[in-house]
Amino acid sequence: MAITEDRVRTFDSTSPATGEVVGTFPVDGPEEVAAAVARAREAAAGWAGLGFDGRRRALLAYKALLVRRTDELVALVHRENGKPDADALIEVLMIVEHLDWAARNAARVLGRRRARGNLVLANHAASVEYQPLGVVGVIGPWNYPVFTPLGSIAYALAAGNAVVFKPSELTPAVGCLLADTFAEAVPAHPVLQVVTGDGATGHALCLAGVDKVALTGSPATGRQVMAACAERLTPVVLELGGKDAMIVDADADLDAAADQAVWGGMANAGQTCLAVERVYVVDPVYDRFLAKLVERAARIRPGGGPGADFGPITLPRQLEIIQRHLDDAFARGARALVGGPDAVRPPYVDPVVLVDVPPDALVMREETFGPVLPVTRARDADHAVALANANPYGLGAAVFAGRRALRIARALRSGMTSVNSVLTFAGMPSLPLGGVGESGFGRIHGPDGLREFARSKAITRQRFPLPFPMQSFDRPGYVLPAVKRAMKLRHGRAPRR
Ligand code: NAD
């Protein structure tokens, strides 16, 4: 981020493919962030007051305007992030489904509903509802500059909150277009505010008294955000990195598995939190799978033109990380069946397929975020699961299998697993998305994602008083012994086998 020191500090966002300046944006400090939070808080009351129905209409209007702007959005994502138009379009397609789902399902998931009473409190009615938190701070990454932040923003808005959004310093133009489109579609309710800048602006947002912070980013940033939010006990939802595994079992469709491994590992140049970063294949089909994988991976090409399969590496320092992972793997005896030590050609990285990589190599342990696929032979499905689970990350996973598919999917330590496809769960709005371990905690998307941005509110209402009140200093002496006898009768017996 090149910063210019005028009266207002600004920074340029540039195209990773050409270096061309895409836009110039203010570096917002604590004062500007506080002002944005104040504007959001003022707007939040009117937005909450709209109710589920009013917000549904507003969010559907936003969705429709975004869809009409698809070409502009796709072109901007291509320029600012570098990914090919096709990858940018997939982002837009996926998030449109989420916006639609969040708008249409918020009332059902969060609306007031009756809760069942119990015998002791039979004279009380009960209900639960999910109320907005107030203002949510959303801090986004650059790798999916439309899909990832809107995955939090759509659900937070549908739950009745206002949002202050800090896009990545690498993709502020996309972030501003998302917010400008909202302002145009829903002019009466300025509940989507934007602040721009780098980590310091994000840090200021964590300290600005928002009611929750939703971060999508790296585990290192997750730790910093959580530490900053601890000061005010601001709750956090952390969608962090991954080292997702794919398992290929003996009865898998090997052509489909090879095709999906290449796409899951190399689409968007591997810069996907849910990218396939490790492949474990059971011994009986290892050689056949590998031959199919190598044939496919050798065919795809990075580039900046319309014919490229994937684009440049967006973050320049990521090139060093990818090179370090490759050097470390080769130093530990790995062999490349596609690509090799000189695959990194800034700003591009050619596809790499690695074998004979020891489990303690960097490329097996840490997020590579490049088009690099290490393939490992496993004795059987259980061995493959054990190898896949021996990693501190736990975001997504994929299984290619027949008979044992569901058993393997359930045994994998991950927030989501897709069977006979990759990443499918991210495009299915009714499913929650989030990780375990280093991949973070909390959930976006689906009913869990709506509840993540709401607080449950429980209400009991006494329908009629009991003749023998328990919760009173005027309680007659016989009440508690009678209740005790009733409790023993009802709960004191051991369950029958
Ligand atoms: P990053 O952690 O460097 O930055 C993410 C955001 O946090 C940026 O907006 C950045 O300015 C901000 N930030 C940085 N330091 C901060 C601080 N101290 N306080 C507050 N905000 C701060 O991540 P990135 O390089 O932009 O994105 C790539 C990472 O995001 C990868 O690890 C990837 O796996 C992860 N990711 C996760 C998901 C998911 O759904 N789990 C989705 C996409 C990306």
Side-chain angles (χ1 to χ4, degrees), residues 1 11 13 16 25 27-28 30 33 80-81 83 91 94-95 98 137-152 155 164-172 174-175 194-208 210 213-231 234 236-244 268-277 313-318 321 366-370 392-396 414-416 423 425-427 431-445 449 452:
M1 177 168 86
F11 68 101
S13 136
F25 299 87
V27 179
D28 288 325
V33 171
E80 197 175 43
N81 163 287
K83 68 177 70 177
E91 266 197 71
M94 278 167 54
I95 203 57
H98 281 280
V138 173
I139 303 176
W142 49 266
N143 63 337
Y144 285 82
V146 177
F147 180 74
T148 29
L150 277 182
S152 294
Y155 289 82
V164 177
F165 168 35
K166 193 208 84 66
S168 164
E169 57 273 35
L170 297 182
T171 52
V174 174
V194 179
V195 291
T196 51
D198 62 6
T201 307
H203 182 70
L205 184 55
C206 295
L207 299 178
V210 292
V213 170
L215 166 77
T216 306
S218 60
T221 304
R223 288 183 171 80
Q224 290 171 1
V225 163
M226 198 168 165
C229 286
E231 199 152 305
T234 303
V236 291
V237 43
L238 301 178
E239 297 293 337
L240 308 178
K243 190 73 196 169
D244 288 7
N268 200 26
Q271 305 169 106
T272 304
C273 52
L274 296 159
V276 176
E277 291 223 357
I313 298 300
T314 311
L315 186 65
R317 68 170 184 275
Q318 196 67 31
I321 295 174
E366 294 176 11
E367 198 173 37
T368 307
F369 240 47
Y393 286 103
L395 194 53
S414 64
M416 301 76 60
L423 277 92
F425 39 75
L431 286 180
L433 186 126
V436 299
E438 288 284 303
S439 296
F441 53 80
R443 293 293 181 264
I444 57 171
H445 301 177
E452 191 73 51

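In listed order, ligands and their atoms are each counted from 1.
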Query raised in the report: Among T196, V213, T201, which one satisfies side-chain contact (heavy atoms from CB on, under 4.5 Å) with K166?
Result: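 Answer after filtering T196, V213, T201: T201.
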Among all the protein's non-hydrogen atoms, which is closest to [atom], and how far away is it?
{"atom": "atom 35 (C) of ligand 1", "answer": "G217 O, 3.2 Å"}
{"atom": "atom 34 (O) of ligand 1", "answer": "E367 OE2, 2.5 Å"}
{"atom": "atom 19 (N) of ligand 1", "answer": "H203 N, 3.5 Å"}
{"atom": "atom 7 (O) of ligand 1", "answer": "I139 CG2, 3.3 Å"}
{"atom": "atom 4 (O) of ligand 1", "answer": "T221 OG1, 4.2 Å"}
{"atom": "atom 11 (O) of ligand 1", "answer": "E169 OE1, 2.7 Å"}
{"atom": "atom 38 (C) of ligand 1", "answer": "C273 SG, 3.0 Å"}
{"atom": "atom 8 (C) of ligand 1", "answer": "G140 O, 3.2 Å"}

Looking at every non-hydrogen atom in both residues, tell me the closest pair between [X] and [Y] and how far apart they are.
{"X": "G197", "Y": "E169", "value": "O-CB, 3.6 Å"}
{"X": "E80", "Y": "V174", "value": "OE1-N, 3.0 Å"}
{"X": "L238", "Y": "M226", "value": "CD1-SD, 4.1 Å"}

Query raised in the report: If only atom types and distance count, is the side chain of E277 paired as donor or acceptor with the main-chain N or O of F369 below 3.5 Å?
Result: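 Judged by distance alone, yes, a pair lies under 3.5 Å.
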Query raised in the report: Within the distance-only criterion (no hydrogens, no angle test), does the side chain of K83 pair as donor or acceptor with the backbone N or O of N143 below 3.5 angstrom?
Result: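 Answer holds: yes.
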Between [Y] and [X], is there a side-chain heavy-atom distance shorter than 4.5 Å?
{"X": "V237", "Y": "S152", "value": "no"}
{"X": "T314", "Y": "T171", "value": "no"}
{"X": "E452", "Y": "Y155", "value": "no"}
{"X": "M416", "Y": "L423", "value": "no"}
{"X": "I95", "Y": "Y144", "value": "no"}
{"X": "C206", "Y": "L215", "value": "no"}

Decide whether an N or O pair under 3.5 Å exists between [X] and ligand 1.
{"X": "R317", "answer": "no"}
{"X": "W142", "answer": "yes"}
{"X": "T216", "answer": "no"}

Counting from 1, what ligand 1 atoms have a heavy atom of [X] closer than 4.0 Å?
{"X": "L240", "result": "37 (C), 38 (C), 39 (C), 41 (N)"}
{"X": "L395", "result": "41 (N)"}
{"X": "T148", "result": "42 (C), 43 (C)"}
{"X": "P141", "result": "26 (O), 27 (O), 43 (C), 44 (C)"}
{"X": "G199", "result": "11 (O), 13 (N), 14 (C), 15 (N), 16 (C), 17 (C), 19 (N), 20 (C), 21 (N), 22 (C)"}
{"X": "V225", "result": "19 (N), 20 (C)"}
{"X": "N143", "result": "43 (C), 44 (C)"}
{"X": "L215", "result": "7 (O)"}

Report task. For L170 and ligand 1, answer yes if some heavy atom of the residue is under 4.0 Å from a ligand atom, otherwise no. Result ->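 The answer is no: ligand 1 sits nowhere under 4.0 Å from a heavy atom of L170.
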Query raised in the report: F425 and H445: aromatic ring centres closer than 6.0 Å?
Result: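 Ring-ring flag for F425/H445: false, centres at least 6.0 Å apart.
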**Report entry** Y144, portion touching ligand 1 at heavy-atom distance under 4.0 Å
**Finding:**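 For Y144, no heavy atom sits under 4.0 Å from ligand 1.
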Query raised in the report: Where's the contact between Q224 and ligand 1, heavy-atom distance under 4.0 Å: side chain, backbone, both or neither?
Result: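 Only the side chain of Q224 comes within reach of ligand 1.
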